[in-house]
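What you are looking at is a predicted structure, and each value in this text was computed from that prediction instead of being measured. Here, residue 1 is the first one in the sequence, and each next residue gets the next number.
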Amino acid sequence: MKALFTSVFALLTLYGNVVADDRPNVIIVMPDDVSHGVFTYYNPESTSQTPNIDRLAETSVRLTDFHVSPSCAPTRAAALTGRSNSVSGIWHTIAGRSLLRNDEITMADIFRHNGYATAMIGKWHLGDNYPFRPKDRGFEYVAWTKGGGAGQQPDYWGNMHHAAHYWVNDALVEMTDEDDGLKGAFLTNSMFNRAFEFMEENQKNNKPFFVYLPTAAAHSPWPQGPEDARSGLSSKPATVENIDKNVGRLVSFLDEKNLADNTILIFFTDNGSGEFMYRGGKISYFDGGTRVPSYVRWPAGGLGGDGRGRDVTPLTCHMDWLPTLMDMIGLDDVPNRPKKLKLHGQSFKSFLDADAGNDSDSDFRNRKVTVCNMRREKFDKYRNLSVKKDEWDDDTIVHKWRLTRSGSKSEWELWDVLADRAQTKNLIADPANADVVAELKQAYEDWYALVAERQDEFARIVIGHPAEPVTQLNSHDFHNQELWNHKIVAEGTTGSGFLAVDFATPGSYHFDLRRWPKEVEEESTLTTAPSGKVYDGKSVPKAIDVASARIKIWNGDNVYTDQKKDAVAGADGIPFRIDNLPKGPAFVQTWFYNSAGEPEGAVYYNYARPAAITTAE
């Protein structure tokens, strides 16, 4: 394998990026909200049957102690930047804390810098407005659902896995039953079809590609499974089986197109999901929330293939994939990376081959990994944390330490999951462990110091930039208020939060405050509801009494406007024109009131634009 790596790198050195076909393609597949327990490779008693993912596991290099963050957006941020998600400002899935700071450098930025075609296909969950959209973050081709998955508030109204609209390079498309060998339309099928088109086009152009394919499945809700599901199977396990079918389609596609040998295919999931092997599940800081399957296969690079599957047991994590890929392929970093954006992940390339003689990286062996489950507006030190470390004796891992704490008023706990996979035996009181406890506590303090440098910053949506002439401000991103899905909108849940924004230019701006999104404006008004059911297939939109609205815009002690306006009968929204807004940061908050003057519902959708733009685009 060393010889192969050397020959590939020699070609790259000799010819640079001109010899595109010598560089491997890279595909990352990341299903949502599933983990070990649903895959029959680990759990033969699983309700779902997953022969294709099982086969991929058998023929890949398997990272058996691979960790992610315990929920969706944080994992995506860490994997795409090679940095701690909390340091980059993402420690929640909503409330403005799922927007990846616009100065962060993504994996797509690096691949694009190195001449790769880049695609993001599936669930993004790192911001739906400029400058946070995937096309703003290095991806040339984008096919995506918005928010945190099908049916979340920013997503197209009424989206569910079995019936959806999504965006392909800014064009709205309606999902249909395609001629793809699978009966019926289903979101995962459709997204894989877009991936196949992208890969085939770039193969024709002799251009290497990077495809990031995070599925919206199997995140809830599951009102209906795929049409070709096994008889009697409920919708969630049927959705898992559909993911498996599409992984099988992907492997077959790579084989048929002669892409399999020189494609690095990576598979991992975004969080634990209620484990049968480990303690905890999604949003848990125990191993059941953070430890997930992870595989890599690259036959031309000596990784995996028939009869060559193997386990890699050292501690690895989501932040490591970017530096590892850079190391494996020889990718250059983007020029002039700021010191404050230093990579936190570490390359584990030397552990991937079967040669134990090159595994002596003491820095990697001594590394500590900190993750937390914050899930609140403000970062709370010591909340739901885990610090992980391997202890080695020569070439043998003798302990896999986990230092955990649930909050500032709770006690520290210490676990050795090598001996105690279920994390039932707290070893914190054993004096023999005092040194490792002190070491892991210090590692947390060092990590938190990085978080604290910028924890009070807001990721700001830019209004009035030419890249996004009309900005759909969403309740999903409200600070201090959780209004995140179509069920909440349909039921008219009352609430209000503020949005952190930045006005691109000074001047007059127009705001259109709405209860319903524009895609159903022909079916609804402020005080009437569209037909149908949404989100879980059960939630029926209902009318509420909206008589007036209020908008406040300020920054610090400067209040730029705070005004109310009555609704016009039969209107879709309540418009405001605000003059003399300065360029730069501000906060926007909105409210609806009923005829009695009490708060009613919420401004779930607020369409903002410079006043000079007269129509939504």
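Not counting sequence neighbours, the partners of Phe458 by the ring-ring contact (aromatic ring centres under 6.0 Å, His included) test are His479, Phe498, Phe587. Partners of Arg365 by salt bridge (charged side-chain N to carboxylate O under 4.0 Å, His left out), not counting sequence neighbours, listed by chain and number: Asp395.
Under 3.5 Å, the side chains of Asp128 and Asn474 contain no donor-acceptor pair of N or O atoms. Of the N and O atoms on the side chains of Asp320 and His318, not one donor lies less than 3.5 Å from an acceptor on the other residue. Using modelled atom types, one finds a donor on one side chain and an acceptor on the other under 3.5 Å when comparing Trp447 with Ser84. Side-chain polar atoms of Thr106 and Asp109 form a donor-acceptor pair below 3.5 angstrom. Using a 3.5 Å distance cut-off with no hydrogens or angles, the side chains of Ser46 and Thr40 do not pair a donor with an acceptor. Side-chain N/O atoms of Lys388 and Ser386 include a donor and acceptor closer than 3.5 Å. Side-chain atoms of Asn271 and Ser71 form no donor-acceptor pair, as typed in the model, at a separation below 3.5 Å. If you check the side chains of Asp155 and Thr145, you find no donor sitting under 3.5 Å from an acceptor.
Between the CD1 atom of Ile428 and the CG atom of Leu414 there is a distance of 5.0 Å, given to the nearest 0.5 Å. Atom CE of Met107 and atom CG of Leu80 lie 6.0 Å apart (nearest 0.5 Å). Within the model, atoms CG of Leu100 and CZ of Arg83 stand 9.5 Å from one another, a figure rounded to the nearest 0.5 Å. Note: Asn485 CG to Ser475 OG = 9.0 Å, rounded to the nearest 0.5 Å. Atom CG of residue Leu303 and atom CH2 of residue Trp298 lie 7.0 Å apart, to the nearest 0.5 angstrom. From Asn480, atom CG reaches atom CD of Gln589 across 8.5 Å, with rounding to the nearest 0.5 Å.
Closest heavy-atom contact between Arg367 and Leu315: NH1-O, 3.5 Å. Here the closest non-hydrogen pair linking Cys72 and Lys282 is SG-NZ, 3.8 Å. Closest of all the heavy-atom pairs between Asp287 and Arg402 is OD1-NE, 2.9 Å. Between Trp401 and Glu391 the shortest heavy-atom distance is NE1-OE1, 2.8 Å. Minimum heavy-atom separation, Ala73 to Ser98: CB-CB, 3.8 Å. The two residues Thr215 and Asp32 make their nearest non-hydrogen contact at O-CB, 3.4 Å.
Contact check on Glu104 versus Arg137 returns no salt bridge, with no Lys/Arg side-chain nitrogen under 4.0 Å from an Asp/Glu carboxylate oxygen.
Looking only at distances, no side-chain donor or acceptor of Asn129 sits under 3.5 Å from a matching main-chain atom of Ile461. Listed for the Trp124 side chain is no donor-acceptor partner under 3.5 Å among the backbone atoms of Met120. With Arg383 contributing its side chain and Arg376 its backbone, the two residues share no donor-acceptor pair below 3.5 Å. A distance-only check finds no donor-acceptor pair linking the side chain of Ser60 to the backbone of Tyr295 [under 3.5 Å]. Side chain of Asp327 to backbone of Pro323: no donor-acceptor contact under 3.5 angstrom is found. Judged purely by atom type and a 3.5 angstrom limit, Arg421 has no side-chain atom pairing as donor or acceptor with the backbone of Tyr278. Side chain of Ser410 to backbone of Arg405: no donor-acceptor contact under 3.5 angstrom is found. Of the possible donor and acceptor atoms, none in the side chain of Asp311 sits under 3.5 Å from a partner among the backbone N and O of Thr313. A donor-acceptor distance shorter than 3.5 angstrom exists from the side chain of Asn114 to the backbone of Asp332, with no hydrogens or angles considered. Under the 3.5 Å distance criterion, the side-chain polar atoms of Thr324 are matched with a main-chain donor or acceptor of Phe348.
When each of Asp393, Asp416, Asn433, Asp390 is checked for a side chain to side chain donor-acceptor pair (under 3.5 Å) with His399, only Asp416 meets the rule.
Between Phe111 and Phe210, the angle of the ring planes stays under 30°, which puts this pair in the parallel group of the 30/60° scheme. Between Trp321 and Phe268, the two ring planes are parallel [angle under 30°; tilted spans 30° to 60°]. Relative orientation of the Tyr212 and Phe139 rings is parallel, given thresholds of 30° and 60° on the angle between their planes.
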Run the side-chain hydrogen bond (donor to acceptor under 3.5 Å, both in side chains) check on Asn262 and Asn25 step by step: do they pass?
CA-CA 7 Å; Asn262 202 30; Asn25 306 303; over 6 Å; no
Check the pair Met326, Lys349 against side chain to side chain contact (heavy atoms under 4.5 Å, CB included), reporting the backbone distance first and the verdict last.
CA-CA 10 Å; Met326 294 172 70; Lys349 171 190 151 185; over 6 Å; no
Kindly determine whether Ser69 and Asn85 satisfy side-chain hydrogen bond (donor to acceptor under 3.5 Å, both in side chains), including the steps that lead there.
CA-CA 8 Å; Ser69 302; Asn85 55 273; 2.8 Å; yes
Please test Val87 against His344 for side chain to side chain contact (heavy atoms under 4.5 Å, CB included), starting from the C-alpha separation and ending with a verdict.
CA-CA 10 Å; Val87 177; His344 300 138; 3.8 Å; yes
Lys146 and His125: side chain to side chain contact (heavy atoms under 4.5 Å, CB included), yes or no, with the steps?
CA-CA 7 Å; Lys146 296 185 179 180; His125 203 178; over 6 Å; no
Are Lys400 and Asp420 close enough, and set up right, to give a salt bridge (charged side-chain N to carboxylate O under 4.0 Å, His left out), and what steps lead you there?
CA-CA 9 Å; Lys400 283 187 171 289; Asp420 176 25; over 6 Å; no
Could you give me the CA-CA distance, side-chain angles and deciding distance for Arg97 and Asp477, then say whether salt bridge (charged side-chain N to carboxylate O under 4.0 Å, His left out) is met?
CA-CA 8 Å; Arg97 297 303 184 184; Asp477 300 323; over 6 Å; no
Start with the C-alpha gap between Arg101 and Arg454, add the side-chain angles, then the distance that decides, and say whether side chain to side chain contact (heavy atoms under 4.5 Å, CB included) holds.
CA-CA 11 Å; Arg101 290 190 187 123; Arg454 302 180 68 183; 3.5 Å; yes
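Inter-residue side-chain proximity for Phe39 and Thr269 is flagged as met; some heavy-atom pair is nearer than 4.5 Å. Between Ser273 and Ser35 the shortest side-chain heavy-atom distance falls below 4.5 Å. A heavy-atom distance below 4.5 Å is found between the side chains of Met328 and Leu352. At a threshold of 4.5 Å between non-hydrogen side-chain atoms, the residues Pro214 and Arg76 count as touching. Contact annotation: the side chain of Lys381 approaches that of Tyr444 to within less than 4.5 Å [non-hydrogen atoms, C-beta and beyond].
For the pair Arg291 and Phe66, the NZ or CZ position fails the cation-pi test of under 6.0 Å to the six-membered ring centre and within 45 degrees of the ring normal. Taking the ring axis of Trp415 as reference, the NZ or CZ atom of Arg279 stays within 45° of it and closer than 6.0 Å to the ring centre.
Ring centroids of Tyr448 and Tyr382 are separated by 6.0 Å or more, keeping the two rings apart.
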